[in-house]
Amino acid sequence: MFGKLKAIKGDEITIKLDDELNIYRLQKFAAHKQPTIELQLDDGRQISPDQRKKIFAMLRDMAAYTGYDVQDMEQWMKYFYYAKAGAESFSMSDCSMDQANKFLTFILDFCFENGIPFKTKTWDAIPTSPHLALQCLRHRECIICGRHAEIHHWTAVGSRSRKVVDHRKLYFMALCPEIHHKEFHDIGAASFFKKHHVKPIRLGEQDLIDLHIMTRSQMNYWNDQYSMEGLI
């Protein structure tokens, strides 16, 4: 279980749990004995409780989707991660924050690449980052809710034809058309950013080509224009 420390009085502490405690499940794990609780405080050096919570939330969703249990899912993902990253064996109880971030990113990429969906609650817990924003654009998934998304120009193109715009200078974000794309236009960019805490990103040339936003010939055209104007 994960939660926030609310109060300390002598040798007694009060913790507000992030999720409601299932007392019957707790008794089952404790073999119907008085449960023993281990308290771990985030000291900023090792994996944080928040990181561990997000990783296990993703692993639970993956396990539910594939039919594995969570422990087996964790081991499978670690094997895949070791093979791809060449990483040494690590424990989720005391690995570094950097190792946890790399493993979290690996799981995120794996789910995108294999079409494994997240539950809404898990999606809300995933940290917004340029990497997540890029994966959402590549796989057309809304960065807010995970629904099927359209590629949204954060920087307004206006009435200009998109064929005569250098999209390498613009910012993008994947938003679902039914809810969040409409909301962006309804409340404006500043209010949208303040509400959802998301940031648009620029796309690299290969991603612009792969997403059919620009062609290589269009990029060459703009490079020639900049060269004639002395901008490059």
Side-chain angles (χ1 to χ4, degrees), residues 1-6 15-26 28-30 35 37-82 84-85 87 89-136 138-149 174 176 179-180 195-199:
M1 303 298 296
F2 297 91
K4 295 178 176 60
L5 183 61
K6 303 296 291 186
I15 296 175
K16 180 174 177 55
L17 296 175
D18 293 338
D19 299 295
E20 186 175 346
L21 177 63
N22 186 325
I23 190 64
Y24 299 105
R25 188 180 180 198
L26 181 62
K28 178 183 177 182
F29 287 151
I37 305 297
E38 178 185 1
L39 176 64
Q40 294 185 355
L41 298 177
D42 179 12
D43 62 2
R45 292 176 295 178
Q46 295 179 340
I47 181 174
S48 71
D50 190 51
Q51 286 176 311
R52 194 180 295 110
K53 175 184 176 182
K54 289 168 183 173
I55 290 172
F56 277 113
M58 295 173 74
L59 290 172
R60 280 195 296 271
D61 284 0
M62 295 174 75
Y65 183 79
T66 60
Y68 289 97
D69 62 37
V70 178
Q71 288 75 22
D72 286 342
M73 197 75 246
E74 178 188 355
Q75 293 307 314
W76 273 113
M77 292 311 299
K78 281 184 175 179
Y79 293 147
F80 293 147
Y81 176 73
Y82 297 152
K84 184 172 183 178
S89 175
F90 66 90
S91 169
M92 292 288 292
S93 64
D94 59 2
C95 68
S96 69
M97 296 187 79
D98 180 63
Q99 182 71 80
N101 276 330
K102 289 178 179 176
F103 188 49
L104 179 62
T105 300
F106 174 79
I107 294 174
L108 181 69
D109 290 349
F110 185 91
C111 289
F112 271 109
E113 291 164 6
N114 293 278
I116 300 175
F118 299 123
K119 296 177 182 176
T120 301
K121 187 172 183 179
T122 306
W123 187 267
D124 290 342
I126 299 173
T128 345
S129 67
H131 186 79
L132 173 62
L134 178 59
Q135 288 290 45
C136 287
R138 286 173 174 171
H139 296 272
R140 310 263 182 160
E141 294 189 25
C142 179
I143 194 170
I144 309 296
C145 65
R147 293 183 180 89
H148 178 73
C176 62
I179 300 175
H180 293 107
K195 178 179 179 181
H196 295 292
H197 307 288
V198 292
K199 290 183 179 181

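Everything quoted here is computed from the prediction, not taken from an experiment.
For the pair Met77 and Met62, the tightest heavy-atom approach, listed with the atom from each and the gap, is SD-CE, 3.4 Å. Closest approach of Phe112 and Cys136 over heavy atoms only: CZ-SG, 3.9 Å. The shortest heavy-atom contact between Glu141 and Gly146 is OE1-O, 3.9 Å. The two residues Arg147 and Cys176 have their closest heavy-atom pair at CB-CB, 4.0 Å. The minimum heavy-atom distance between Cys142 and His180, with the atom names listed, is SG-ND1, 3.7 Å. Closest heavy-atom contact between Ser93 and Arg52: O-NH2, 3.2 Å.
Under the 3.5 Å distance criterion, the side-chain polar atoms of Glu74 are left unmatched by any main-chain donor or acceptor of Leu59. Not a single donor-acceptor pair under 3.5 Å links the side chain of Arg60 to the backbone N or O of Val70. Using a distance-only test at 3.5 Å, with no hydrogens or angles considered, no donor-acceptor pair links the side chain of Lys78 to the main chain of Phe103.
Between Phe90 and Met92 the shortest side-chain heavy-atom distance falls below 4.5 Å. Leu108 places a side-chain heavy atom less than 4.5 Å from the side chain of Met58. The closest side-chain heavy-atom distance from Ile143 to His196 is not below 4.5 Å.
Here the straight-line distance linking atom CD of Glu113 with atom CZ of Arg138 works out to 9.0 Å at 0.5 Å rounding. Note that CG of Leu104 is 9.5 Å distant from CG of Asp109, once rounded to the nearest 0.5 Å. In this structure, Ile107 CD1 and Asp61 CG are separated by 11.0 Å, a value rounded to the nearest 0.5 Å. Interatomic distance, Ser96 OG to Lys102 NZ, rounded to the nearest 0.5 Å: 7.5 Å. Distance CD1/Ile55 to CD1/Ile47: 4.5 Å, rounded to 0.5 Å.
Residues meeting the side chain to side chain contact (heavy atoms under 4.5 Å, CB included) test with Asp69, sequence neighbours left out: Gln71, Asp72.
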Dump the intermediate steps for side-chain contact (heavy atoms from CB on, under 4.5 Å) on Gln99 and Tyr81, then the final yes or no.
CA-CA 11 Å; Gln99 182 71 80; Tyr81 176 73; 2.7 Å; yes
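Other residues, nucleotides and ligands contribute only 12 or fewer heavy atoms inside 6.0 Å of the OH atom of Tyr79.
Counted by atom type alone, Gln75 and Tyr68 present zero donor-acceptor pairs between their side chains at under 3.5 Å.
Taking the six-membered ring where the residue is Trp, Phe80 and Phe110 present parallel rings, their angle staying beneath 30° rather than reaching 60°.
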